[in-house]
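Naming convention: chains lettered A, B, ... in sequence-line order (proteins, then strands); numbering from 1 in each chain. Not measured: the values here are computed from a predicted model.
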Amino acid sequence: MNITKNTEGKTLNIALEGRLDTTTAPQLEAEFNQSIADNTELILDFANLEYLSSAGLRVLLAVQKTMNKQGKMIIRNVNEVISEVFEVTGFSDILTIE
Amino acid sequence: METSAEKKSRLAFKLGLGIVALGVLICTASSVIGYHQYKETIEKQYNTTAYQCAQVALSYVGEQKLKEYADAVNAFFAGETGEEELDAIRSSGEYADAREKICTLREKMGANDIGLFVLDQEELMRYSGTKDNWTPFRYIMDGYVKEEQSFTIGDSISCNPDYINDLNEIALTGRRSDSYFFSDGDFGYNTSAIEPVLDEDGNVFAMVGVEIPMVTLQAALRQYLVYAVLVTVIFVIVFMLLYMLYLYRFVVRPINQIAQCAGAFVENNNHISSQLSEITTGDEIQVLAESFMKMENDIENYINNLTKVTAEKERIGAELDVATNIQKSMLPSIFPAFPERKEIDIYATMNPAKEVGGDFYDFFMVDDRHLAIVMADVSGKGVPAALFMVIGKTLIKDHTQPGKDLGEVFTEVNELLCESNSEGLFITAYEGVLDLVSGDFRYVNAGHEIPYICKKDGKFEPYKIRAGFVLAGMEGMRYKCGQMQLDVGDKIFQYTDGVTEATDKDNELYGMERLTAILTENSALPPSALLPKVKEDIDRFVGDAPQFDDITMLCLEYKERMEG
């Protein structure tokens with residue numbers, strides 16, 4: 001999985017590419033722990049994310065909880081497969097998906 | 001197999017061989033060089049003596065007289081004069097006197113010959129490969145050792161063709177030659193001096209030749225060789241012995257000690273010998289011994305550590321086995337589960353991906369007429385997931401009470417799970433409760449896969465129900481209970497994402513289409529036969545690719561209504 005990030009003021013943009021599963025989730029978690037501390041807005045771009053497993057959901061949930069305290073988190077360009085995962089797991093209720 | 005003693009001596013042998021070779025080389029080289037220098041010195045000495053002899057001979061005749069004789073010889077060979085003129089010289093008192101002195105000189109000096117002659121340079125250079133009719137030497141006077149073979153004035157003879165160039169050089173330059181004019185004659189090994197005699201204009205008009213046998217040379221050389229070789233050999237042997245002793249003491253023995261210690265370390269279960277610390281050569285060998293000792297200590301430490309770690313690992317492994325067994329035993333696994341109940345048939349399986357998994361299923365009677373089924377998946381794997389699963393399963397079963405709304409059950413369970421969730425895990429869970437009398441089926445879904453329902457037509461179809469958020473994800477979530485009606489003969493199939501997300505070697509997912517197909521194909525089978533069919537199909541699809549997630553399935557068949 002590739003993680004591309006860039007910061008604009010207090011907004012952190014992160015684009016994910018590939019599979020977010022058990023093997024790659026720790027990588028994303030480490031990235032979040034390192035980067036989001038000072039940001040009030042986190043925008044995730046899922047345009048090139050192919051697959052999302054429960055381990056990935058766990059990381060998203062954790063970062064959503066963190067961002068709830070310090071600002072907001074938006075997920076963009078969610079494809080059909082991942083959209084269904086969010087739907088089935090009820091994550092669509094707690095995430096802001098545009 | 002060679003013994004270590006044989007191997008041990010090999011290093012000493014190799015080093016010794018090298019030294020012997022070196023010794024032989026030194027002896028040979030010094031003998032050869034010494035021999036040649038000695039030989040040359042002696043030869044030079046002899047040659048110098050020959051020249052001195054020539055000088056003396058010249059003084060006996062006198063240059064002026066010699067010039068006269070030479071002119072007479074030249075005139076004779078030019079055909080200007082005849083034998084009478086030469087006879088006159090030959091019989092003169094001066095000539096005889098001079099020849100007498102020269103003979104005496106030759107005798108005293110031990111020379112073979114002392115001769116004075118004119119060199120005909122044109123004749124000399126006319127040499128055509130044969131001495132026939134080639135007479136470049138025209139004699140003036142000769143004091144040869146054999147009186148009867150001695151030449152006299154007017155005799156002309158050939159000379160050694162090897163000397164042609166040197167003689168020519170002398171005649172042209174008027175200087176002595178660098179050549180020693182060696183020859184092997186009747187008297188052994190000889191050296192000659194050819195002394196040119198110059199007139200006032202610096203031209204060579206005659207030459208004095210002296211041939212001296214180097215009688216003592218061979219013997220002296222032989223003696224020299226014997227002494228030189230003997231001394232060198234003794235010296236080299238003594239040096240070699242000392243050097244080998246040195247090598248043995250400071251190289252071979254310490255290395256053998258190290259080798260012995262290494263062998264002992266391997267053979268005697270890592271026994272560390274103190275012998276290594278006794279090697280104090282103060283050079284690389286001591287460094288080697290010290291490094292080796294350090295390595296032995298390190299290896300011993302590593303082995304001890306490894307033993308500990310391995311024991312620890314084995315203990316953890318054993319405990320994990322126990323955990324796996326406990327987890328397995330927590331899932332109802334005796335089938336048929338309710339042999340006395342004709343109304344239902346239920347079957348479930350779980351194949352964990354790791355030793356302990358995060359999936360679980362459950363089924364139990366809530367009261368006499370209500371059956372509950374649970375299917376859940378803890379995010380994550382291994383021990384943390386398994387522990388969380390135990391909490392989740394216990395809470396769900398605990399809170400499922402007769403008459404209690406399932407939405408309320410999950411809402412309560414979610415609150416409790418959120419309290420004890422330091423690791424950020426969550427559970428997707430589905431619970432359904434069937435009223436065996438009425439066929440009323442109530443369910444709640446916390447982010448889990450939707451179930452398949454098989455109606456009378458024999459087709460398994462995913463039953464779309466709205467999902468709530470996962471359990472333990474967020475506090476304050478509210479879950480709503482759903483309701484549907486099951487008829488006799490209907491089946492319900494529930495599973496975890498390990499089924500649909502089983503992956504083959506090309507990273508393709510098993511997916512819902514394949515699942516729908518295999519379920520429908522085998523919809524006539526009872527649950528206990530249906531689930532193995534599905535598992536077989538998944539295994540066939542996955543092939544040799546590794547299993548990443550637990551594969552868990554449950555199937556419930558509503559066979560007949562319970563008498564109310």
### Query
Going by the salt bridge (Lys or Arg N to Asp or Glu O under 4.0 Å) test, which pairs reach into residues 10-37 of chain A, not counting sequence neighbours?
A/Lys5-A/Glu31, A/Arg19-A/Asp21
### Query
Taking it one step at a time, do A/Val88 and B/His448 satisfy side chain to side chain contact (heavy atoms under 4.5 Å, CB included)?
CA-CA 6 Å; A/Val88 167; B/His448 199 79; over 6 Å; no
### Message
Any side-chain to backbone donor/acceptor pair from A/Lys65 onto B/Gly473? Under 3.5 Å, distance only.
### Response
yes
### Query
Taking side chain as C-beta onward, heavy atoms only, is A/Tyr51 less than 4.5 Å from B/Asn507?
no
#### Entry: Separation of B/Phe469 CZ from A/Leu95 CG (nearest 0.5 Å)
7.0 Å
#### Entry: Atom group of B/Ile465 that falls short of 4.5 Å from chain A, counting heavy atoms
neither
### Message
Strictly by salt bridge (Lys or Arg N to Asp or Glu O under 4.0 Å), give each pair with a member in residues 74-94 of chain A just once, sequence neighbours left out.
### Response
A/Arg76-A/Glu98, A/Asp93-B/Arg466
### Message
So for atom CD, which belongs to B/Gln483, do other residues, nucleotides or ligands contribute more than 12 heavy atoms lying within a distance under 6.0 Å?
### Response
yes
### Query
Within a reach of under 6.0 Å around NZ of B/Lys404, are more than 12 heavy atoms found that belong to other residues, nucleotides or ligands?
yes
### Task
Tell me, with the steps shown, if A/Phe91 and B/Phe426 meet ring-ring contact (aromatic ring centres under 6.0 Å, His included).
CA-CA 12 Å; A/Phe91 267 69; B/Phe426 60 79; 5.6 Å; yes
### Message
Please classify the contact between B/Ala472 and chain A as side chain, backbone, both or neither, with a heavy-atom cut-off of under 4.5 Å.
### Response
backbone
